[in-house]
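Accompanying notes for the structure given below.
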There are 2 protein chains.
Amino acid sequence: MPLYTCSMETRRADGVREALEQMIVTGELSDGDRLDEMSLADRFGCSRTPLREAFQALAASGLVQLIPRRGAFVRHPSLGEMVEMFEVMAELEALCGRLAARRVTPELLAELWATVTACEAAVAAQDHDRYYAENERFHLLLYRAGGNAFLEAEAARLHRRLKPFRRLQLRVRGRMAQSLAEHRAVLAALRDGDAEAAASVLRDHVAVQGGKFNDLMASYRQERLRPDAGLALRA
Amino acid sequence: MPLYTCSMETRRADGVREALEQMIVTGELSDGDRLDEMSLADRFGCSRTPLREAFQALAASGLVQLIPRRGAFVRHPSLGEMVEMFEVMAELEALCGRLAARRVTPELLAELWATVTACEAAVAAQDHDRYYAENERFHLLLYRAGGNAFLEAEAARLHRRLKPFRRLQLRVRGRMAQSLAEHRAVLAALRDGDAEAAASVLRDHVAVQGGKFNDLMASYRQERLRPDAGLALRA
DNA sequence: GTCAAGAATGCTGTATACAAGAACCCTGTT
DNA sequence: AACAGGGTTCTTGTATACAGCATTCTTGAC
């Protein structure tokens, strides 16, 4: 039990931050929208102080841009920026895989296999939501398997930021099955201690290349056009 | 000319953040130190509001830990965390190199060569400070050469965070010359468009392995023991 | 003498008040 | 009619006031 009993949700600012993050990620707030402190304070039933705190946190994650004396503006990544982020994500995951091939514990490897089993069931049932959840679990476990806590945190941070754009990719026909096969290939490489194979498979698994670019583009457009698209994301 | 005339240093909170960052990075503030809002407000001649803003920004960069209802605490990376950060930095730089081998512009390549020339002069004069400055320039240019703005920002962010620990490494005898040779090897690979060579050299250039681990350990200890060590860092 | 419970103090989180800069509008001029 | 200049209004940045939780000190009991 940690020393500091993390009293959750006693800070209003954290709740505001999370709410705004959802509103941005789901597209309820569009790119370039100005976040008005007073009207949002009214909406959330609090003063400007928690809002300003939330703005700063969001600015740190890159979701809003803070311009001095001008205000906070929603900052959606462009298609090009998203491709850039996936390029970095691919490399971070590849590094996780390379390290995990040497460092993964039997317990984590078992947990990773469990997600693959769960994914199989989801594919059989064509249950996108369940596949999505287990897919995320696989990746977060993989970050941990690298045995580098800093890398784990950075990878999880970027993963979280790319979340809304990964989801719709999975809806593409056959993508789930292919994704699952790649997960299996990663775990086989980890089992064999083949660092380079794990890295290579993961890089290609995450990278936006070939047909996946078009998938991403479609996902991007849909996210932008459907303000309510994110409601299912909370699962 | 950008639309928003970035009026610099009009926000007191930014100045406070920078000052605190210096105090933490230079070791004036030790690990675990609690940052008292009121006494620091007195010291900086402002109210608690800008300080709290600065605390949040520092927490976002990982320099302080914010515990709800408890306060802000200085958070120095442990030796192990530093090794972890260098592990990630090595991979990010390797990625920059791999991408730059295909994307670098002639102009940037020329600028990169210029830093090598400047480094040569610094090595000949045994001028650590100048070598340090040009070395940093080389790496920042390399991040840009990758042609991925997101990667550039992330790499620069991590580079900045590792700054205080990189400096003393260079004081090790012979390290400057070896570092310079590695820079040359990187640029040769970029010139030849050899992505894998560039990535490989950069990974080894940055990674903490073999004797460099001991250098880092020494650097770590010295940073911690000498509160005034960072005065020369501002150059 | 030690430990526990309660009160008192101090600090954080939030609300509000105030000052200064930015945006907007209106008017006057060319 | 278009543009420049000034003034007004609105918003941000900062200071201060207030409420609630955490720590600590004190006091009493075992």
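Order of the sequence lines fixes the chain letters, A, B, ..., with proteins taken first and strands second; residue numbering starts at 1 for each chain.
As rounded to whole Å, 11 Å separates atom C1' of C/dA23 from atom CZ of A/Phe73. Between the P atom of C/dG10 and the CZ atom of B/Arg69 lies a distance of 18 Å, rounded to the nearest Å. Computed from coordinates, the A/Leu51 CG to C/dA15 P distance equals 9 Å when rounded to whole Å. In this structure, the CG atom of B/Leu66 is 7 Å from the P atom of C/dG13, given to the nearest Å. Here the P atom of nucleotide C/dT12 and the CD1 atom of B/Ile67 are 12 Å apart, to the nearest Å. Between the CZ atom of A/Arg12 and the P atom of C/dT12 there is a distance of 19 Å, rounded to whole Å. B/Glu53 places its CD atom 16 Å from the P atom of C/dT12, with the value rounded to the nearest Å. As a whole-Å value, the separation of A/Arg34 CZ from D/dT11 P is 6 Å.
With distances taken from any side-chain atom of B/Pro68 to the nucleotides D/dA15, C/dG13, C/dA20, the minimum falls on C/dG13. Checking C/dA15, D/dT14, D/dG20 against every side-chain atom of B/Pro50, the shortest atom distance belongs to D/dT14.
Using a cutoff of 4.0 Å between basic side-chain nitrogens and carboxylate oxygens, B/Arg12 and B/Glu53 are not scored as salt-bridged. Comment: A/Arg75 engages A/Glu81 in a salt bridge, judged by a side-chain N to carboxylate O separation of less than 4.0 angstrom. A salt bridge is absent between B/Arg70 and B/Glu37: the closest approach of a Lys/Arg side-chain nitrogen to an acidic carboxylate oxygen does not fall below 4.0 angstrom.
Residue B/Arg11 has a polar side-chain atom (N or O) positioned under 4.0 Å from OP1 or OP2 of D/dG13. Distances shorter than 4.0 Å separate some side-chain N or O of A/Arg52 from OP1 or OP2 on D/dG13.
For the contact set between residues 35-48 of chain A and DNA chain C, defined by any heavy atom under 4.0 Å, the members are A/Cys46, A/Ser47, A/Arg48.
For A/Val74, the side-chain contact (heavy atoms from CB on, under 4.5 Å) test picks out A/Ile24, A/Leu29, A/Asp33, A/Leu35, A/His76, with sequence neighbours left out. Residues forming a side-chain contact (heavy atoms from CB on, under 4.5 Å) with A/Thr105 (at least two apart in sequence, or on another chain): A/Glu107, A/Leu108. Partners of B/Glu134 according to the side chain to side chain donor-acceptor pair (under 3.5 Å) rule, which considers only residues two or more places apart in sequence or in another chain, do not exist here. Residues passing the salt bridge (Lys or Arg N to Asp or Glu O under 4.0 Å) test with B/Arg17, sequence neighbours excluded: B/Glu21.
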Could you pull out the protein-nucleic contacts involving nucleotides 23-25 of chain D (nitrogen or oxygen on both sides, under 3.5 Å)?
{"residue": "D/dT23", "atom": "OP1", "partner": "B/Arg70", "partner atom": "NE", "Å": "3.1"}
{"residue": "D/dT23", "atom": "OP1", "partner": "B/Arg70", "partner atom": "NH1", "Å": "3.1"}

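Side-chain N or O atoms of B/Arg166 include one that pairs as donor or acceptor with a backbone N or O of B/His159 at under 3.5 Å.
From B/Leu202, atom CG reaches atom CG of B/Leu142 across 5.5 Å, with rounding to the nearest 0.5 Å.
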